Student: 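What follows is a single structure, and I will ask about it in a moment.
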Number of protein chains: 2
Amino acid sequence: MDQHTYNKSTIDEIDQRIIEALQQDGRRPFTKIAADLGISEASVRQRVSHLINTQVMQIVAVTNPVKLGFSSASMIGVRVSGERLLEVAEAIAAFDEVIYLIICAGRFDLMAEVVCRDNEHFLNFLTEKLYKVPGVLQAETSMYLRVCKQNDWAFLSQARLSPSPPPSTPNIE
Amino acid sequence: MDQHTYNKSTIDEIDQRIIEALQQDGRRPFTKIAADLGISEASVRQRVSHLINTQVMQIVAVTNPVKLGFSSASMIGVRVSGERLLEVAEAIAAFDEVIYLIICAGRFDLMAEVVCRDNEHFLNFLTEKLYKVPGVLQAETSMYLRVCKQNDWAFLSQARLSPSPPPSTPNIE
DNA sequence: AATGAAAACCGAATTAT
DNA sequence: ATAATTCGGTTTTCATT
């Protein structure tokens, strides 16, 4: 009984199969997925909706920076003077070039993934932005040569930021 | 000779708006996007298809590891005996726990992002999988404490505003 | 789980740039 | 020649039962 309530807190086999299907093609019709799994379309639709509402999953477009002319990517390990960790993290996260920033424990205090148009742009980022943040002690760059595997996940914390970024004017003629 | 062979390798304003829409909701109906932009649905459909075919964009489901019970995430820098770099990379990429693997230049030869259920699982990954790959010399783990920013390869807004003209030509064959 | 109406999708032919 | 639009038939979505 109570089968019609969707307080489902567990991800079952069906949910996983649905997620797998949508990881391959985020726009795959629910009817097709339903047929593959031998269940009704409405069931698939309901489950997807539930997975999205509970922030287990998101369906989004992801882009390829290289194809967009951003060919200089790197991972930077940063050491920070301890008492300033949070404010430094906030400052670094604010840079456009930083697409991924983690606070972590280990050799580094922060790991930042940075994407630039080219080496000149990257050098400019290091000298004019990163190294000028007060509290940044040391940074070690690993330049990307090849992306071997990319199973995009997403701690979708506050990931969806405002659609129209405030910094500069979007419409220029 | 110089007939304007509008090779559609250029991403114009319309493409960018479409991508931005799909970055927020990968399943947004093309009809809606078309209405927002004041163009036909077929045009949106053709552009999306083209963007996907040329691998500029992908529409996929991304999941939240924490909600799925994977609470131990880390970035691991790996040093490898040089002549085996590619095969080691291939071996590491094959592990389920590795969701992101980069070959890079700098302190490390590889950077691997690893997601595990818990510390026990992670320890098992290190001892039974990573360290058993022939050619792995050294590994330095940074455990994630907090994800501050995550714009995973989805940062097209930057590409559009490019305020300073890039010094190098953006056209790459 | 099934139904039916409304919406969205899709292929192809047509027009426009 | 490339891109946008129109148009119809088909499929999918979605609220309701």
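Quick note on labels: first sequence line is chain A, next is B, and so on, each numbered from 1. If you're wondering where the values come from, they're calculated on a predicted model, not measured in any experiment.
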Student: Round to the nearest Å and state the distance from I59(A) atom CD1 to dT13(D) atom C1'.
Tutor: 14 Å
Student: Taking 5' to 3' order, which nucleotide of DNA chain C is first and which is last to have an atom within less than 4.0 Å of a heavy atom in chain B?
Tutor: dA8(C) to dG11(C)
Student: Rounded off to whole Å, could you give me the CD1-to-P distance for the I14(B) and dA4(D) pair?
Tutor: 8 Å
Student: Heavy-atom distance under 4.5 Å between the side chains of I102(B) and Y100(B), does that happen here?
Tutor: yes
Student: Return each pair, listed once, that meets salt bridge (charged side-chain N to carboxylate O under 4.0 Å, His left out) where at least one residue sits in residues 50-61 of chain B; pairs must be two or more places apart or across chains.
Tutor: none
Student: For E140(B), enumerate each residue passing the side chain to side chain donor-acceptor pair (under 3.5 Å) test, keeping only those at least two apart in sequence or located in another chain.
Tutor: R107(A)
Student: Report yes if some heavy atom in the side chain of C116(B) is under 4.5 Å from a heavy atom in the side chain of V114(B); otherwise report no.
Tutor: yes
Student: Return the set of residues passing salt bridge (charged side-chain N to carboxylate O under 4.0 Å, His left out) with D36(B) (not counting sequence neighbours), or none when no residue passes.
Tutor: R28(B)
Student: Rounded to the Å, how far apart are K32(A) NZ and dT13(D) C1'?
Tutor: 13 Å
Student: Give the table of side-chain donor-acceptor pairs shorter than 3.5 Å for residues 80-97 of chain B, with sequence neighbours excluded, one pair per line with atom names and distance.
Tutor:
residue: E97(B); atom: OE1; partner: K129(B); partner atom: NZ; Å: 3.1
residue: E97(B); atom: OE2; partner: H121(B); partner atom: NE2; Å: 2.9
residue: E97(B); atom: OE2; partner: K129(B); partner atom: NZ; Å: 3.2

Student: Would you mind writing out the side-chain donor-acceptor pairs for residues 38-57 of chain B within the sub-3.5 Å range, not counting sequence neighbours?
Tutor:
residue: S40(B); atom: OG; partner: S43(B); partner atom: N; Å: 3.2
residue: E41(B); atom: OE1; partner: R45(B); partner atom: NH2; Å: 3.2
residue: E41(B); atom: OE2; partner: R45(B); partner atom: NE; Å: 2.8
residue: R47(B); atom: NH1; partner: D12(B); partner atom: OD1; Å: 2.9
residue: R47(B); atom: NH1; partner: D12(B); partner atom: OD2; Å: 3.2
residue: R47(B); atom: NH1; partner: D15(B); partner atom: OD1; Å: 2.9
residue: R47(B); atom: NH1; partner: D15(B); partner atom: OD2; Å: 3.4
residue: R47(B); atom: NH2; partner: D12(B); partner atom: OD2; Å: 3.2
residue: S49(B); atom: OG; partner: N53(B); partner atom: ND2; Å: 3.4
residue: N53(B); atom: ND2; partner: S49(B); partner atom: O; Å: 3.2
residue: T54(B); atom: OG1; partner: H50(B); partner atom: O; Å: 2.8
residue: T54(B); atom: OG1; partner: L51(B); partner atom: O; Å: 3.4

Student: Distance check needed: dT12(D) C1' versus R28(B) CZ, whole Å only.
Tutor: 18 Å
Student: Could you list the residues that satisfy side chain to side chain donor-acceptor pair (under 3.5 Å) with R79(B), not counting sequence neighbours?
Tutor: Q138(B)
Student: What residues form a salt bridge (charged side-chain N to carboxylate O under 4.0 Å, His left out) with R27(B), not counting sequence neighbours?
Tutor: none
Student: In whole Å, I'd like the distance from the CD1 atom of I33(A) to the P atom of dT11(D).
Tutor: 18 Å
Student: Only counting residues at least two apart or in another chain, list the ones meeting salt bridge (charged side-chain N to carboxylate O under 4.0 Å, His left out) with E128(B).
Tutor: K132(B)
Student: Near DNA chain C, under 4.0 Å by heavy atom, which residues of residues 35-45 of chain B?
Tutor: E41(B), R45(B)
Student: In degrees rounded to 10°, what angle is found between the helical axes fit to the five outermost pairs at each end of the helix from dA1(C)-dT17(D) to dT17(C)-dA1(D)?
Tutor: 30°
Student: Check the distance between dT11(D)'s C1' and R27(B)'s CZ and give it to me in whole angstrom.
Tutor: 13 Å
Student: Determine which pairs satisfy salt bridge (charged side-chain N to carboxylate O under 4.0 Å, His left out) with at least one residue from residues 109-120 of chain B, sequence neighbours left out, and list them in order.
Tutor: none
